[in-house]
*Asks:* 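Structure incoming, see below.
Chain letters run A, B, ... following the sequence lines, proteins first, then strands; residues in each count from 1.
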Amino acid sequence: MSVILQTRGLSRSFSGLRAVHEVDFDLPQHKIRALIGPNGAGKTTFVSMLIGRLPPSSGSITFEGRDVTALPAPKRVGLGMAYTFQITSVFGKLTCHENVALAAMRRLGGDTAAVDAEVREALTRVGLADRAADVAGDLSYGHQRLLEIAMGLAQRPRLLILDEPTQGLAESEIADFKALIRALKAETTILLIEHNMSVVMELADRVTVLNFGEVLAEGTPEEIHASRAVQAAYLGTGTEEASC
Amino acid sequence: MSARYYWGLHLGLIALLFAGHFVLPAYQHGNVARIMVLAVYAMGYNIAFGYTGLLSLGHAMFFGAGMYGMGLLSYHFDAGALPAMAAGIVAGAMLSLVVGLLALRTAGVSFMIVTLMFSQALAMTLVYFRDITRGDEGFVIPSATRRLWGMDLSDEAHRYLIAWGLFSIVLIFTLWLVRHRWGRVFVALRENEERASLLGYDAFRTKLGALVISGTISALSGAAYALLFGYAGATFAGVQYSIFPLLWVLLGGAGTVLGPFVGALFMFYLIDLSSGVTDAYMLIAGVALVLLTLFLPQGLVGEVKRRLWRDLP
Ligand SMILES: Nc1ncnc2c1ncn2[C@@H]1O[C@H](COP(=O)(O)OP(=O)(O)OP(=O)(O)O)[C@@H](O)[C@H]1O
Ligand SMILES: [Mg+2]
């Protein structure tokens, strides 16, 4: 099983605060990996370094055998990485169609028909097909999250990084989301930051737990669920997720 | 609304202005010729400011580069109209490339200040080397240059038609560009640069491209202005001429293809009409501008787009 993404000693501090510290991480291809951890554990910081939004303080990142540590974000996207934001960051004044078209256009170029088809498919997959002409800023928060995911899909990435995609979604939408991710597994590798334990338990092949910027545990969902260290980490910060 | 409608609208304006050549009274005929050339400048500015979100306070340097690139070749070397025009356009393209490479390392207020400083530097250079540029006085473009294919360009009719031709070409080019994927990436950068980068678009290179297109069109306008109206002067490279296109674009509607023309037309006639009524015409013009910004913050065409025609390019 080939490793698509690898980090060695990856660290990032913010003026003394060690947000991510010496993380060694291996992600096999065509798997769904969940990244969990209490608030402030460094999950967003970690994936921001993977995609190139944030330069690491030290350490290295390898994507498909190539050292991408010094590569700017657009180049990494060109290599097949995609990232959806935890805090929705759609183009608020543009329509849903245009948002997704921008995601598809880099890969498909000026082929308008192919872009339109890709947009329609991505919007359909997240259940927003009938909102194509709506202005993104007018959508509900949950629908903006789905639009983010559609923008990720339209890039047809080799690695899709989703930062808390289900935050703000209704129960029925979460169920659809699970089905969508399961279907995607055949096409791509998924790194999923998630607070919702039912999503993690049902989708993930393996789970990595971050705590205070370090890898606390890694294993199958069942192993993680049973781990006392993980429970202690969650209980220590007083979040409810541990009880799920 | 489908592409047919907005092509109809834009080509309709072009046809209307062509008809103007035959029906406008002499005074208006001259005004509209001048407005069309200035609208080319505004359309160039709009590509940087309106579509890409690059608020430059120094576009007069590109207008001036076009004017002087064309004018100096004509003045010192008796160049023909076409080589002189080409020199102006190339000067603007090169200047915008160099300025872009430096200024686009900054953004927002710093970008405004850096472009302003570069533009001031050019204006001062033009005044300083008076042996070559005739300094503040400027110079008249020799009549040898103002001929093209047997036409005398100081003739009102030829002047109008050439202004109309340039205006039409730039308008259609803009309409094509903003619907092309490059233009759509310009808008993406304006709206959310980080998001655009994370969709794989190189922000620096794209903005550089937008600035060079914008600067080159501005230079085309400056060169045509000198060629058609027969004079090059340092005021055209001054701060005032950096503010004008910003005002025209804001009044007409930033990020709309027709906005720059409508804004330039509106402001020209606002000043023209109010100066016929009172000496304090700038006061009237100023009040009108304030009212417009208060009640139509998107500009004239911008409000039409917002209220009636959302996907107007
Ligand atoms: N730009 C920044 N400047 C300073 N500190 C930061 C910055 N970004 C994150 N941090 C800090 O780094 C730590 C890790 O933050 P991060 O956002 O990566 O956590 P997270 O695991 O994604 O949390 P959450 O579950 O709340 O999204 C936190 O203490 C946070 O305050
Ligand atoms: Mg986070």
Side-chain angles (χ1 to χ4, degrees), chain A residues 47-48 50-54 71-85 87-95 97-112 114-115 119 132-138 144 147-148 150-152 154-157 160-161 163, chain B residues 1-7 49-53 104-105 107 175-210 253-256 259 297-299 302-303 305-313:
Chain A
V47 295
S48 296
L50 298 185
I51 193 70
R53 277 175 82 197
L54 204 62
L71 225 51
K75 289 253 168 62
R76 295 190 207 189
V77 173
L79 291 178
M81 298 168 107
Y83 173 74
T84 70
F85 286 67
I87 298 159
T88 47
S89 178
V90 296
F91 300 103
K93 286 196 212 146
L94 307 181
T95 61
H97 178 96
E98 189 61 15
N99 269 275
V100 183
L102 281 163
M105 245 162 40
R106 191 203 38 83
R107 184 171 52 85
L108 296 171
D111 186 346
T112 326
V115 170
V119 171
D134 293 7
V135 174
D138 295 344
Q144 290 191 21
L147 182 59
E148 276 271 352
M151 290 165 77
Q155 296 178 65
R156 302 262 164 164
L160 177 59
I161 303 170
D163 198 344
Chain B
M1 261 172 266
S2 80
R4 206 163 357 124
Y5 288 98
Y6 55 70
W7 277 110
F49 168 65
Y51 285 98
T52 320
L104 287 171
R105 298 184 186 282
L175 187 57
W176 169 82
L177 176 69
V178 303
R179 300 189 55 252
H180 188 271
R181 68 197 165 98
W182 296 333
R184 292 156 74 187
V185 177
F186 293 169
V187 172
L189 284 171
R190 178 191 75 194
E191 291 299 314
N192 187 341
E193 182 169 329
E194 188 186 28
R195 192 57 171 118
S197 307
L198 285 174
L199 291 177
Y201 300 107
D202 184 325
F204 183 81
R205 274 176 47 191
T206 310
K207 288 195 282 187
L208 186 61
T256 63
Q298 309 286 317
E303 287 296 325
K305 179 178 158 89
R306 189 173 70 86
R307 287 166 201 237
L308 306 172
W309 194 340
R310 280 218 77 119
D311 48 1
L312 182 68

*Asks:* Of the backbone (N, CA, C, O) and the side chain (C-beta and beyond), which part of A/L102 lies under 4.5 Å from a heavy atom of chain B, both, or neither?
*Replies:* both
*Asks:* For B/N192 versus A/S89, what's the shortest heavy-atom pair and its separation?
*Replies:*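 Smallest heavy-atom distance, with atoms named: ND2-OG, 2.9 Å.
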*Asks:* In Å and rounded to the nearest 0.5 Å, what is the CE to CG distance from A/M151 to B/L199?
*Replies:*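 So the gap between those two atoms works out to 4.5 Å.
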*Asks:* First locate atom CZ of B/R190, then atom CG of A/L94, and finally report the distance between them rounded to the nearest 0.5 Å.
*Replies:*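 One finds 7.5 Å between CZ of B/R190 and CG of A/L94.
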*Asks:* Answer with side chain, backbone, both or neither: which region of B/V185 has an atom nearer than 4.5 Å to a non-hydrogen atom of chain A?
*Replies:*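 The answer is both parts of B/V185.
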*Asks:* What part of A/A103 is in contact with chain B, defined as an atom under 4.5 angstrom from a non-hydrogen atom: side chain, backbone, both or neither?
*Replies:*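 Contact with chain B: backbone and side chain both.
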*Asks:* If you count heavy-atom pairs under 4.5 Å with chain B, which of A/K75, A/M105, A/M81, A/R107 comes out on top?
*Replies:* A/M105
*Asks:* Can you tell me which portion of A/V90 sits under 4.5 Å from chain B's heavy atoms? Options are side chain, backbone, both or neither.
*Replies:* backbone
*Asks:* Name the option with the most non-hydrogen atom pairs under 4.5 Å to chain B; the candidates are A/R76, A/Q155, A/R106.
*Replies:*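 Ranked by contacts with chain B, first place is A/R106.
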*Asks:* Which one wins on heavy-atom pair count under 4.5 Å against chain B: A/G92, A/P74, A/A101, A/A133?
*Replies:* A/P74
